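Scroll down for the structure; my scribbles are underneath it.
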Protein chains: 4
Amino acid sequence: MARPLSEEKRGALLEAASDLIAQLGTGASTAKIAKAAGVSEGTLFTYFPSKDDLLNDLFVEIESELAQTMLAPYPMEASARDRLLIVWSRLIEWGLNHSTARKALLQLKVSDRVTAQSRQRCHAMFFDSRSMVEQCLAGHAAPERIAFYIDTILFELADITMNAIAAKPKEREVIQQAGFDLFWKGSAA
Amino acid sequence: MARPLSEEKRGALLEAASDLIAQLGTGASTAKIAKAAGVSEGTLFTYFPSKDDLLNDLFVEIESELAQTMLAPYPMEASARDRLLIVWSRLIEWGLNHSTARKALLQLKVSDRVTAQSRQRCHAMFFDSRSMVEQCLAGHAAPERIAFYIDTILFELADITMNAIAAKPKEREVIQQAGFDLFWKGSAA
Amino acid sequence: MARPLSEEKRGALLEAASDLIAQLGTGASTAKIAKAAGVSEGTLFTYFPSKDDLLNDLFVEIESELAQTMLAPYPMEASARDRLLIVWSRLIEWGLNHSTARKALLQLKVSDRVTAQSRQRCHAMFFDSRSMVEQCLAGHAAPERIAFYIDTILFELADITMNAIAAKPKEREVIQQAGFDLFWKGSAA
Amino acid sequence: MARPLSEEKRGALLEAASDLIAQLGTGASTAKIAKAAGVSEGTLFTYFPSKDDLLNDLFVEIESELAQTMLAPYPMEASARDRLLIVWSRLIEWGLNHSTARKALLQLKVSDRVTAQSRQRCHAMFFDSRSMVEQCLAGHAAPERIAFYIDTILFELADITMNAIAAKPKEREVIQQAGFDLFWKGSAA
DNA sequence: AATGAATGAGCGTTCATTCAT
DNA sequence: GATGAATGAACGCTCATTCAT
């Protein structure tokens, strides 16, 4: 009976990959990643058959964490705007608390080594959150534009806003609010 | 005397670099770029002392083209909204007409091989366009947020919009308008 | 665990380097050296982090072998002149038996890629031999010139002598003796 | 009628080559040498068909200058020892006054790109000086060893002595004398 | 004759991956 | 399962030399 794969090592590898990819881009070498994770070069390949697999798994892992965060319960009695504001705040907060992961994600999104399939898988993980936001926008935005606001604008606008906050951390409150206002007012029918 | 540097070859190299970087990221090899440009590997380095120089020059080149496009005259008698709509349309049109350049730009922006200095140089090239947009927003948006709307939101939102259009080219008109509306309504005081 | 570094391969690399550097100078390529050693190009760099390291290690290695040879016991009852003659003979013999190593050494000494530190390390390895020679010269040479004779003249004169022998191997005995006589008589007070 | 080759440019190229080879070894690039000489890369090759030719011509040039120096008249009435001392002094003085040329020479001697023919040509240039030294040693050294002393020892010993002086310039007088004494006393029959 | 752009082989080095231990 | 030595194809870049100007 062989030794089982250690979840701990897998995690260390993903974290090391996240750090190094954030820093150096997807060109970060497997040797460096393995070393940063405290395992040998060969071990990386028992957890991820190839570097592409590591990249894709990392992408899914990070998106998955974000999706989990978004899934936390929302106060159902709050107004649509207020619930959407919570979505917005969670997005921003997660990004600021996971800035390396976010940087890594940026690199991964832009790389053609992350497959369409991985992207699709991640998209699916946001199904519930998406539905929730859909409800929030239901009475507020033009129905035919709702898909555009959610799928195209919301997350990307949050990303932009986070970049602005990252550049001027002291103005976080103001920028965060300005970003939300832009989205809310801009999406009004 | 001797043979003069050929602007044609320089152009071919930049174009080849643009294509391959759009496709493969900044990891695209100088050998491939030279081959695609129809010159020998060594020749690349007579035009660009190093790959980093090529990357930076390409970045500046692309941004410069975009900046030129934005600089074309605007009808001074048009309303603020209409003039901003022209800005928006030019941005989108340029992006759609130069989709590889835009993809390459995306990769370059995300790479730390493009220096702060190059980014600064490009930022400066948009000074006039920026002033113009500032005037458009003057009576429309809250004064303290105008900088945020221009420096952080406008171009990035256009990028997002272009991505959406690229994914669904048939809905171009609709998406382009939805993006503009979001910006205009969202930025109203 | 894993495969241990093979002392055999390291040796083969150093020997191949010695041969090729003797022949072609320090410009001998790592690819040629690896091939001559029967390992792949990459393997060279698992044994020596860089070509400079290889060069320095080789320098130290060769000097070390020579130093070992010189360290063999000397008949304590022999006269100063006779003991010095043994030093001289060992020097010449080593040189003739290791003519490629000696040629390589010549190239390495002349290269600025061999660091001051490596040279210092090697100098130190001859400390005991140096002391012995010092004793031999003690009653024979002018005290203020002993350092000059040892540090500057002895080894270099042996080198010159070896070159002469290499050019006319048949006259080895005569040349070897002539070289020694020059040193012994020339250094007399 | 084509433009004649300029002796000035040829000289500048040889001098630049001397400097750079002294500094960087024979690996110094033709481009750097041309630049240092203030001519274009291509021009180097109208004066020297190949880098090997440049190397060989430089070797001959430097040796030739030294040979010229040695050829200056000697006081015929002086004793053999005194005349030999003049030879020795000129050798040392030339070396100290032309330290870059000497360093370059060292690199060239050790390189297999300098052909046996070039070496032979240089050897021949010292014919007269050699005869003169031969006369000086005639009544002093064992006849069968005179060739060894002249061809093998004299110049090389001077080289060694110069290195020692270069390392400790303040002790020039002492070292220069010690070197000569070693040669004179060492070569006595 | 002079120039320097053009060339492609070669350089030292890195890399993802394999496999003996 | 874990290790890290082994591999050889690429990589970015340099070079001696050629040749259009």
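Chain letters run A, B, ... following the sequence lines, proteins first, then strands; residues in each count from 1. Predicted model only: the values in this text are computed from it and were never measured. Side chains are part of it too, since the values below use all heavy atoms of this structure and drop only hydrogens, waters and symmetry mates.
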Checking E/dA16, E/dA2, E/dA6 against the side chain of B/S6 (C-beta onward), the nearest is E/dA6
Proximity to the side chain of A/F45 - top-ranked nucleotide from F/dA5, E/dT18, E/dA2: E/dT18
Taking only side-chain N and O atoms of C/K9, does any of them lie within less than 4.0 angstrom of OP1 or OP2 on F/dA5? no
For D/Y47, which contact category applies under a 4.0 Å heavy-atom criterion: base, sugar-phosphate, or nothing? sugar-phosphate
Between atom CD1 in D/I33 and atom C1' in F/dC15, what is the gap in whole Å? 12 Å
In whole angstrom, what separates B/R10's CZ from E/dG4's P? 19 Å
Rounded to whole Å, please give me the gap between CG in C/L44 and C1' in E/dC15. 16 Å
Short side-chain donor-acceptor distance under 3.5 Å, C/R102 and C/N163: yes
Separation of A/S118 OG from A/H123 NE2 (nearest 0.5 Å): 14.5 Å
Calculate the interatomic distance between A/E41 atom CD and F/dG1 atom C1'; express it in whole Å. 17 Å
Going by purine N1 to pyrimidine N3 plus the second Watson-Crick contact, or the G-U wobble pair, all under 3.5 Å, which nucleotide sits opposite E/dA9? F/dT14
Base, sugar-phosphate, or nothing: which does C/A28 touch, judged by heavy atoms less than 4.0 Å apart? sugar-phosphate
Given F/dG4, F/dT7, F/dA20, which nucleotide is nearest the side-chain atoms of C/S40? F/dT7
In whole Å, I'd like the distance from the NZ atom of C/K51 to the P atom of E/dT14. 15 Å
Could you check B/G42 against C/P49 and say which one's nearest nucleotide on DNA chain E is further toward the 5' end? B/G42
Heavy atoms only, 4.0 Å cut-off, all strands: where does C/T43 land among base, sugar-phosphate and nothing? base
F/dT7, E/dT13, F/dT17: which one has an atom nearest the side-chain heavy atoms of C/S50? E/dT13
Comparing nearest nucleotides in DNA chain F, the 5'-proximal residue of the pair D/S29, B/T30 is B/T30
Starting at atom CG of B/L24, determine the distance to atom C1' of F/dC11, rounded to an integer number of angstrom. 14 Å
In whole angstrom, give the distance that lies between atom NZ of D/K32 and atom C1' of F/dC15. 10 Å
Does the structure show a Watson-Crick or G-U wobble partner for E/dA20, both distances under 3.5 Å? Name it, or say none. F/dT3
Check A/K109 with A/D159, please: is the shortest side-chain N to carboxylate O separation under 4.0 Å? yes
Atom pair distance, as rounded to whole Å: CG in D/L20 and P in F/dC15: 11 Å
Distance check: side-chain N/O of A/T46 vs OP1/OP2 of F/dA2, anything under 4.0 Å? yes
Residues A/T43, A/T46; criterion side chain to side chain donor-acceptor pair (under 3.5 Å); working and verdict: CA-CA 5 Å; A/T43 296; A/T46 78; 5.4 Å; no
For the pair B/K103 (side chain) and B/H98 (backbone), establish whether a donor and an acceptor sit closer than 3.5 Å, ignoring hydrogens and angles. no
Determine the sole option in B/R121, B/R10, B/K51 for which the salt bridge (charged side-chain N to carboxylate O under 4.0 Å, His left out) test with B/D57 is passed. B/R10
